[in-house]
Chemist: 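Below: one structure in C-alpha cells.
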Amino acid sequence: MQIKPEDIFLVAMIYVAAVLAACWLAMIIWAYRDMRARSRDRLAQLIVAFMVAVLNLPGLLIYIFLRPRETLSEAYERSLEEEALLQDIEEKPVCPACGQRVKENWQACPSCHTRLKKPCINCGHVLELSWNMCPYCTASQVSYKTDDALTARYAPEQPRSTPTYDATRRTGEALEFVEGDEY
Ligand SMILES: [Zn+2]
Ligand SMILES: [Zn+2]
C-alpha cells in the first residue's frame with residue numbers, strides 16, 4: 001500500500017490543529033491564572049478567560065496591556081513594607097524640647113541638654129522621668145534631684161550584697177554605655 005500525498009497532508013493538518021488547540025488552551029489557562037493572582041474578582045477572572053478564548057492571541061495581548069499592575073501578593077508585600085516604614089517613623093523617639101532624634105535609653109538630649117530619662121536609684125536601668133517605681137527591680141524612686149542628695153540619702157540604705165550606690169559614678173557609666181551603643 002502506497003502512502004498518498006493527501007494522507008501526509010491530513011496528518012500534518014491534524015498535528016498543526018492539535019498544536020494550535022493546545023496553545024489556545026494554554027493561553028486561556030495562563031490568562032485565567034494570571035488574573036486570579038492579580039484580582040479576587042471572580043467575574044473579572046472569567047471575563048479574562050472568555051476574552052482570550054474568543055479573541056485568541058490579540059485577546060491575550062489586550063489582557064497583558066490592561067491587566068492590574070501588581071499581583072495580590074506583591075500588593076500585600078508592599079502594604080506590609082509601608083506599614084513597617086510608618087511604624088519605624090512613629091516609634092522613633094524625639095526630644096520633647098528641640099525635636100532632635102534621641103535614643104530610647106538616652107538620659108539627656110545631646111543637643112539641648114534636656115533631661116529625658118533617669119537611672120533607677122537601685123539597679124541603674126534607665127526609667128521614664130514620671131515613673132516612681134522601677135519596673136526592673138521594683139525599687140521606689142524618689143523625684144530625681146541632684147546627685148549629691150541621692151548619694152546622701154540612699155547610699156546607707158543599700159543592701160550589703162550590692163555595692164554602695166554612687167550616683168555620679170553611675171551616671172558616668174550610663175553615659176559611656178550610651179556612647180558606645182551604636183545601632
Ligand atoms: Zn533636645
Ligand atoms: Zn531598678
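One-based numbering, in listed order, for ligands and for the atoms of each. On a predicted model such as this, the values are computed, not experimentally measured, just so you know. Start at 1 with the first residue, then count along the sequence.
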Chemist: To check you understand the geometry: which heavy-atom pair defines the closest contact between Arg115 and Pro119, and what is its length?
Modeler: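 Taking Arg115 first and Pro119 second, the nearest heavy atoms are NH1-CD, 4.5 Å.
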Chemist: Sequence neighbours left out, what passes ring pair (Phe, Tyr, Trp, His ring centres under 6.0 Å) with Tyr76? Give chain and number order.
Modeler: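 Ring pair (Phe, Tyr, Trp, His ring centres under 6.0 Å) list for Tyr76, sorted by chain: empty.
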Chemist: Restricting to under 2.8 Å, identify the protein N, O or S atoms around the Zn ion (ligand 2) as residue plus atom.
Modeler: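 Protein N/O/S atoms under 2.8 Å of the Zn ion (ligand 2): Cys120 SG, Cys123 SG, Cys134 SG, Cys137 SG.
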Chemist: Would Arg38 and Glu70 pass as an ion pair if we require N to O under 4.0 Å?
Modeler: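 So Arg38 does not pair with Glu70 through a salt bridge.
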Chemist: Mind checking side-chain contact (heavy atoms from CB on, under 4.5 Å) for Ile8 and listing every partner two or more places apart, or none if nothing turns up?
Modeler: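 Partners of Ile8 under the side-chain contact (heavy atoms from CB on, under 4.5 Å) test: Ile3.
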Chemist: Do Arg67 side-chain atoms and Arg69 backbone N/O form a donor-acceptor pair below 3.5 Å?
Modeler: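 Answer holds: no.
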Chemist: Under 4.0 Å between a side-chain nitrogen and a carboxylate oxygen: does that hold for Arg78 and Glu82?
Modeler: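 Between Glu82 and Arg78 there is a salt bridge, with a charged N closer than 4.0 Å to a carboxylate O.
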Chemist: Is it the case that the side chain of Gln45 and the backbone of Ser39 share a donor-acceptor pair, with hydrogens and angles ignored and the cut-off at 3.5 Å?
Modeler: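 Yes, because the side chain of Gln45 sits within donor-acceptor range (under 3.5 Å) of the backbone of Ser39.
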Chemist: Strictly under 2.8 Å of the Zn ion (ligand 1): which protein N/O/S atoms qualify?
Modeler: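 Listed by chain and number, the atoms are Cys95 SG, Cys98 SG, Cys109 SG, Cys112 SG.
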Chemist: Are Trp24 and Tyr32 connected in a single hydrophobic cluster, I mean Ile/Leu/Val/Met/Phe/Trp/Tyr linked by side-chain heavy atoms less than 4.5 Å apart?
Modeler: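 Each belongs to a different hydrophobic cluster.
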Chemist: Could you walk me through whether Phe50 and Ile28 satisfy the side chain to side chain contact (heavy atoms under 4.5 Å, CB included) test, starting with their C-alpha distance in whole Å, then the side-chain angles of each, then the deciding distance to 0.1 Å, before giving a yes or no?
Modeler: CA-CA 8 Å; Phe50 183 72; Ile28 296 169; over 6 Å; no
